[in-house]
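Everything below concerns the one structure shown next.
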Amino acid sequence: MRGSRPADNLGRAEKARLHIDPVACDGIGMCAHLAAGIIHLDPWGYPVIPSTDLEGSDRRAAVRAERGCPRRALRLSIE
């Protein structure tokens, strides 16, 4: 698909994983609000993300969290 980002491609045959750049993250917590079912905050306010492949509504929530991160510290990889 021309002009689309990998996170926009929600094909079900591909594996999707969420990654965080710990240097870029400031612990704002927006991601935990946008993807409450998959991202939790540690005691210091930094996100704890799943290490498993994401599917269905979890995958859509990860896309919202990636797009909503004010520091652009999240990345959804599609393989």
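Position 1 is the first residue of the sequence; numbering continues from there.
Under a 3.5 Å cut-off, the side chain of Arg17 and the backbone N or O of Ser51 do form a donor-acceptor pair.
In this structure, NE2 in His40 is found 11.0 Å from SG in Cys31, a value given to the nearest 0.5 Å. To the nearest 0.5 Å, the span separating CD1 on Ile39 from CD1 on Ile20 amounts to 7.5 Å.
The shortest heavy-atom contact between Arg59 and Ala16 is NE-CB, 3.4 Å. Annotation for Arg72 and Glu66: closest pair NH1-O, 4.0 Å, computed over non-hydrogen atoms. Counting all heavy atoms, side chain and backbone alike, Ala35 lies closest to Ala61 at CB-O, 3.5 Å. Minimum interatomic distance between Glu14 and Glu79 (heavy atoms only, all atoms of both residues): CB-O, 3.1 Å.
Other members of the hydrophobic cluster containing Tyr46, listed by chain and number, are Trp44; membership follows side-chain contacts under 4.5 Å among ILVMFWY residues, whether direct or relayed.
For Arg64, the salt bridge (Lys or Arg N to Asp or Glu O under 4.0 Å) criterion is met by no residue, not counting sequence neighbours.
No chain of hydrophobic side-chain contacts below 4.5 Å, direct or via other Ile, Leu, Val, Met, Phe, Trp or Tyr residues, connects Met30 to Leu76. Residue Leu18 is grouped with residue Val63 when hydrophobic side chains (ILVMFWY) are merged at heavy-atom distances under 4.5 angstrom, including chains of intermediate members. Linking ILVMFWY side-chain heavy atoms closer than 4.5 Å, directly or via other members, places Ile38 and Ile28 in two distinct hydrophobic clusters. Under a hydrophobic clustering in which Ile, Leu, Val, Met, Phe, Trp and Tyr are joined whenever their side-chain heavy atoms come within less than 4.5 Å, directly or via other members, Leu54 and Ile49 fall into the same cluster.
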